[in-house]
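Structure first, then comments.
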Amino acid sequence: MTYTPKSEFLHQMQTRGFMQDCTDLQGLDDALIEGVVPGYIGFDATADSLHVGSMIQIMMLRWLQKTGHKPVVLMGGGTSKIGDPSGKDEARQLLTNDQIGENIKGIRKVFDRFLTFGDGPSDALQANNADWLDTLNYIEFLRDYGRHFTINRMLTFDSVRLRLDREQPLTFLEFNYMLLQAYDFMEMNRRWGVGLQMGGSDQWGNIVNGVDLTRRINRNTVFGLTTPLLTKSDGSKMGKSANGAIWLNEERLSSYEFWQFWRNTSDADTGKFLRLFTELPVDECNRLGALQGSEINEAKIILANEVTGLARGPEAAQAAEATAREVFEKGGIGDDLPTVAIPAADLSEAGISVVQLFVRAGLASSGKEAKRLIAEGGARIDDAPVTDAGQMIGLSDAPLKLSAGKKRHALVQRG
RNA sequence: GGAGGGGUGGCAGAGCGGUCAAAUGCAACGGACUGUAACUCCGUCGGGGAAACCCUACAUAGGUUCGAAUCCUAUCCCCUCCA
């Protein structure tokens with residue numbers, strides 16, 4: 001019953017663990033063998049970067065390109081204007097066009113690392129759904145497309161049904177997201193012959209709607225492919241750390257910290273992450289992931305190097321590793337540690353209080369927290385425990401190493 | 001439109017006049033153990049201050065009280081049942 005794909009792309013996807021569901025596995029496989037298939041994934045333009053939660057989709061686009069097809073990055077410039085579709089939290093504040101434009105630029109920078117853009121047949125293409133959604137006319141939309149969606153069917157989709165079952169509100173706006181996303185797919189099929197939409201498994205319903213709509217309106221057969229919802233072995237969603245999200249661009253998160261995130265992968269996830277987020281051969285990923293005891297630490301270093309290499313460049317990965325070895329294996333100082341310069345204007349005669357120092361260095365989110373850290377004995381300066389929260393520290397041009405616990409370090413100097 | 005229930009810290013969820021910066025669980029942070037892992041255990045967990053101490057907080061705005069997350073009034077929002 002299980003179909004074994006012959007195309008290089010699907011073969012990779014299947015063996016590496018990217019595949020959850022496909023609308024028609026064999027059909028897609030045939031299309032991929034027959035010629036170049038443009039495939040897209042949509043990204044919200046709600047921040048100026050993406051974080052590791054999107055890595056799996058990014059890698060999928062990269063594989064698509066690597067196996068000879070055409071990745072299309074769809075920026076949700078249009079859909080981002082109406083807010084958060086799945087936000088059961090407080091409504092997100094509306095984004096201005098300028099903000100969305102800036103966000104798209106930032107996200108593009110992330111993709112420039114992973115994809116090759118251009119005009120060639122398998123070069124990546126960037127699209128923005130504002131190009132067609134902004135001018136959409138409600139009446140015409142209803143007349144031409146609304147007729148193709150039945151409420152009966154939409155109610156059967158998990159994304160809708162679960163919400164209704166749980167008696168959580170599902171707004172009309174949110175409900176319409178599905179239609180807009182279906183419209184995106186159809187429009188991109190019309191414009192560029194896009195034949196595949198990928199996404200997380202939570203997008204399944206939206207994707208299927210797009211496939212149906214494209215068939216009805218354009219009379220073209222297109223496909224959908226979803227990835228499993230990625231969770232860590234302890235069941236939590238991946239991508240968050242002490243300081244917040246693990247961003248892919250360096251303006252938001254230093255390469256050293258990015259590297260550390262991967263270095264700290266738990267044993268149980270190492271093999272899986274290697275398969276999903278690196279391009280090492282699957283056999284190698286499996287071998288590394290199966291290492292036992294402290295040996296698996298080498299696998300984690302490889303993971304960190306590979307992923308950091310992709311997202312930040314090989315030099316960044318090397319620098320991060322060198323610093324990590326220096327800091328963790330020798331207890332020294334590495335150049336690549338996050339460095340914070342404190343302007344001389346912020347220093348008094350005696351310097352700056354330790355508490356403030358830790359806050360400024362980003363190792364504590366408030367003075368209270370810094371004091372707590374000190375009281376608990378977790379705060380160190382150049383490896384000497386800080387005992388007095390009231391202590392004043394004089395800074396010079398030579399950096400001081402601040403440590404919060406055993407893992408979090410930063411450098412501070414006068415600047 | 002009518003009747004009832006409810007809005008509490010990052011989340012979940014107690015409290016229902018003082019001892020409440022608010023039980024408990026999860027998450028987070030520090031420590032012990034280790035392999036920069038997991039598990040377990042211990043501690044911490046609103047903000048400012050070196051400290052004494054002070055300041056914000058239990059949907060919003062008022063009020064009653066010596067004293068309110070707790071009572072009253074109005075407003076907003078959510079849920080359930082009926083029409």
Side-chain angles (χ1 to χ4, degrees), chain A residues 87-91 163-171 231-246 256-274 288-305 308 320-334 336-338 348-381 383 385-393 401-410:
Chain A
K88 52 183 178 180
D89 315 331
E90 75 278 13
R163 292 285 283 284
L164 296 180
D165 286 351
R166 276 195 236 123
E167 299 184 337
Q168 288 170 340
L170 175 68
T171 63
T231 51
K232 296 196 287 183
S233 57
D234 61 7
S236 62
K237 263 178 99 170
M238 71 172 289
K240 294 287 158 69
S241 80
N243 290 325
I246 304 299
Y256 169 79
E257 289 169 284
F258 185 79
W259 192 92
Q260 279 298 320
F261 170 78
W262 296 101
R263 172 62 248 265
N264 283 310
T265 299
S266 68
D267 289 8
D269 290 326
T270 304
K272 178 162 86 175
F273 285 5
L274 280 163
L288 290 168
L291 291 174
Q292 293 301 308
S294 58
E295 284 194 338
I296 202 168
N297 283 331
E298 282 310 307
K300 294 180 190 180
I301 290 170
I302 291 171
L303 173 67
N305 281 338
T308 308
E321 187 192 355
T323 289
R325 288 204 188 273
E326 186 62 34
V327 170
F328 286 95
E329 292 172 19
K330 299 183 189 132
I333 293 180
D336 212 27
L337 284 176
S348 69
E349 285 289 312
I352 184 168
S353 72
V354 251
V355 170
Q356 273 310 304
L357 204 53
F358 273 83
V359 172
R360 296 289 288 268
L363 295 177
S365 58
S366 69
K368 263 278 201 268
E369 197 176 301
K371 276 167 231 156
R372 210 174 289 139
L373 193 66
I374 292 165
E376 291 174 329
R380 296 188 306 287
I381 295 178
D383 296 313
V386 177
T387 50
D388 176 12
Q391 193 183 345
M392 296 301 283
I393 305 293
K401 181 173 80 165
L402 303 189
S403 306
K406 286 189 289 199
K407 288 200 201 177
R408 297 154 58 219
H409 308 276

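The chains referred to below are lettered A, B, ... by the order of the sequence lines, with proteins before strands, and numbering in each begins at 1.
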Looking for any heavy atom pair under 4.0 Å, which part of the strands does A:Ala379 touch: base, sugar-phosphate only, or nothing?
nothing
Taking atom C1' in both B:A83 and B:C76, what distance in whole Å separates the two?
24 Å
Counting heavy atoms from C-beta on, name the nucleotide in B:G35, B:A38, B:C29 closest to the side chain of A:Arg408.
B:C29
Close aromatic pair by centroid cut-off 6.0 Å: A:Tyr256 and A:His409
no
Can you measure A:Ile374 atom CD1 to B:G31 atom C1' for me and round it to whole angstrom units?
16 Å
My validator wants the stems of RNA chain B: runs of 3 or more consecutive Watson-Crick or G-U pairs, both distances under 3.5 Å, written as range with range.
B:1-7 with B:76-82, B:10-12 with B:24-26, B:28-32 with B:40-44, B:46-48 with B:53-55, B:59-63 with B:71-75
Nearest-nucleotide comparison on RNA chain B, the residue closer to the 5′ end among A:Gly377 and A:Val355
A:Gly377
OP1 or OP2 of B:G47 less than 4.0 angstrom from a side-chain nitrogen or oxygen of A:Arg372, does that happen here?
yes
With a 4.0 Å cut-off, would you call A:Glu321 and A:Arg325 a salt bridge?
yes
B:G10 to B:G46 separation - C1' atoms, rounded to the nearest Å
12 Å
By the 4.0 Å heavy-atom rule, please label A:Gln260 as base, sugar-phosphate, or nothing.
base
Side chain of A:Leu373: nearest nucleotide among B:G31, B:C29, B:U36?
B:C29
How far, in whole Å, is B:A21 from B:G9 if one measures between their C1' atoms?
9 Å
With the side chain defined as heavy atoms from C-beta on, A:Lys406 is closest, among B:G35, B:C33, B:U36, to B:C33
Could you measure between the two C1' atoms, the one in B:C26 and the one in B:G5, and give it in whole Å?
26 Å
Would you indicate what A:Gly293 reaches in the nucleic acid, counting non-hydrogen atoms under 4.0 angstrom: base, sugar-phosphate, or nothing?
base
Counting only side-chain N and O atoms of A:Ser366, is one of them less than 4.0 Å from OP1 or OP2 of B:G46?
no
Which nucleotide wins on minimum distance to the side chain of A:Lys371, given the candidates B:G35, B:G47, B:A50?
B:A50
Kindly point out which of B:U36, B:G31, B:G49 is positioned nearest to the side chain of A:Lys368?
B:G49
Return each pair, listed once, that meets side-chain hydrogen bond (donor to acceptor under 3.5 Å, both in side chains) where at least one residue sits in residues 294-304 of chain A; pairs must be two or more places apart or across chains.
A:Arg263-A:Asn297, A:Asp267-A:Lys300
Which value, rounded to the nearest 0.5 Å, describes the distance between A:Thr323 atom OG1 and A:Trp259 atom CH2?
9.5 Å
List for me each residue that meets side-chain hydrogen bond (donor to acceptor under 3.5 Å, both in side chains) alongside A:Arg360, sequence neighbours excluded, and say none if there are none.
A:Asp346
Taking the side chain of A:Trp259 as its heavy atoms from C-beta onward, which of B:U36, B:A51, B:G47 lies nearest to it?
B:U36
Check this for me: does the side-chain of A:Glu376 come within 3.5 Å of the base of B:G43 through a donor and an acceptor?
yes
Remember a base hit wins even if backbone is also touched, and classify A:Arg263 as base, sugar-phosphate or nothing at under 4.0 Å, heavy atoms.
base
Given the P atoms of B:A69 and B:C58, what is the spacing between them in whole Å?
8 Å
